[in-house]
Amino acid sequence: MAILVLSGPSGAGKSTIINNATQHIGSYYFSISTTTRTPRAGEADGREYFFVSKEEFERDIEAGYFLEYAKVHDNYYGTSLKPVIKALDEGRLVIFDIDVQGHNLVRKLLNDITTSIFITPPTLNELERRLNLRSLDDKNIIQRRIINAKKEIESIKEFDFIIINETIEQATKEFITIANAARLKRSYEEIDNIVKYWKN
Ligand code: 5GP
C-alpha cells in the first residue's frame, strides 16, 4: 500500500510530469479530486476534476465522503475516500495532486504509507512566466496563484522530496525514481508482521 503526494504551485508542471511518467511507474491510480472551481478551457468533468457546486461539495463534506479537503484560491478541493481505498486494495500506487494543507492531513492520517514531493519551477519569476505563457487563467487568477505559491513554498520542508523543474526530462526522471521507491515503503502493520516473523 503506497501513496504519493504531489504538491506545488499550479504551473509547476505536475500534470506534464505524471503524463510523461505513466509507462515507467507500474500500476497506479491518479486520484481525481472534486472541486467547486469553474472548469478551464479543455477540462472535462470526470477527467481533470469532478466539478460540483458549493452546495453539493458541502453536502459531501457532511456525508463524510472526503479523505481530505481544503479551500484553495477561494474554492473547495477534496479527495474522495472510496476510490482511494479501492485502488490501495488493488495494490496500485495512489497519486494525489493536492495542496500543502491536503498533504498535512494525509500525513496525519496515513503517514506510514505516504511519500511526498514538492514540485516547483526554479524561481517565482519563472513560475509567473509559465503561468502567463499557459494563458489558461485571467490576470487576476494568475496573481492569486502567485500569492498562493509564495505561501506554499514556506511549507517545502514538510516534504520528503523536492523536484526543481528546470527541464521536463530531468524532472520526469526524478519523479520516476521517487515513485518507484514510494512503492517499497512498508506500512506499520507490515513492519510489525516482519518483526513477528523474524523472531520466530
Ligand atoms: P488548480 O485549480 O490549479 O487545478 O489547483 C489548485 C490547487 O489545488 C493545486 O495546488 C492543487 O494541488 C490543489 N488541489 C487539487 N485537488 C485537491 C484536493 O483534492 N485536495 C487539496 N487539498 N488540494 C487540491
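As the structure lists them, so they are numbered: ligands from 1, and atoms in each ligand from 1. What you are looking at is a predicted structure, and each value in this text was computed from that prediction instead of being measured.
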We want to know whether [X] and [Y] form a side-chain donor-acceptor pair, criterion being a heavy-atom distance below 3.5 angstrom.
X      : Y      : value
Tyr69  : Asp60  : no
Glu166 : Gln170 : no
His103 : Ser116 : yes

What is the distance from atom [atom1] of [X] to atom [atom2] of [Y], rounded to the nearest 0.5 Å?
X      : Y      : atom1 : atom2 : answer
Leu6   : Ser31  : CG    : OG    : 11.0 Å
Thr38  : Tyr49  : OG1   : OH    : 11.5 Å
Glu48  : Arg37  : CD    : CZ    : 8.5 Å
Thr123 : Arg129 : OG1   : CZ    : 9.0 Å
Arg183 : Met1   : CZ    : CE    : 14.0 Å

Nitrogen or oxygen atoms of [X] and ligand 1 under 3.5 Å apart:
X      : result
Thr34  : no
Arg145 : yes
Tyr69  : no
Ala70  : no

What protein heavy atom is closest to [atom], reported as residue, atom name and distance in Å?
atom                    : value
atom 6 (C) of ligand 1  : Tyr77 OH, 3.6 Å
atom 20 (N) of ligand 1 : Glu68 OE2, 2.7 Å
atom 7 (C) of ligand 1  : Val72 CG1, 3.8 Å
atom 12 (O) of ligand 1 : Asp97 OD1, 2.6 Å
atom 5 (O) of ligand 1  : Tyr49 OH, 3.3 Å
atom 16 (N) of ligand 1 : Ser33 OG, 3.1 Å
atom 23 (N) of ligand 1 : Asp99 N, 3.0 Å

Task: Atom indices of ligand 1, in the order listed, that fall short of 4.0 Å to a heavy atom of Ser10 - done: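 Close to Ser10: 3 (O), 6 (C).
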Task: Per-atom contacts, ligand 1 versus Gly102 - under 4.0 Å to a heavy atom - done: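 Ligand 1 atoms under the 4.0 Å threshold to Gly102: 22 (N).
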- [ ] Please state which part of Arg40 comes within less than 4.0 Å of ligand 1, counting heavy atoms only: side chain, backbone, both or neither.
- [x]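 For Arg40, only side-chain atoms sit under 4.0 Å from ligand 1.
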Heavy atom of [X] under 4.0 Å from ligand 1?
X     : answer
Lys14 : yes
Ser7  : no
Phe96 : no
Arg37 : yes

TODO: With Leu67 as reference, evaluate Ile98, Ile85, Leu110, Ile3 under the side-chain contact (heavy atoms from CB on, under 4.5 Å) test and give the passing residue.
DONE: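 With Leu67 as partner, side-chain contact (heavy atoms from CB on, under 4.5 Å) holds for just one option, Leu110.
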Open item on the list: Which residue is it: Ile163, Val100, Asp160, Val5? I am looking for the one with a side-chain contact (heavy atoms from CB on, under 4.5 Å) to Phe118.
Closed with: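 The residue from Ile163, Val100, Asp160, Val5 that satisfies side-chain contact (heavy atoms from CB on, under 4.5 Å) with Phe118 turns out to be Val100.
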Open item on the list: Would you say the rings of Phe66 and Phe57 are close, in the sense that their centroids are separated by under 6.0 Å?
Closed with: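 Yes, close enough.
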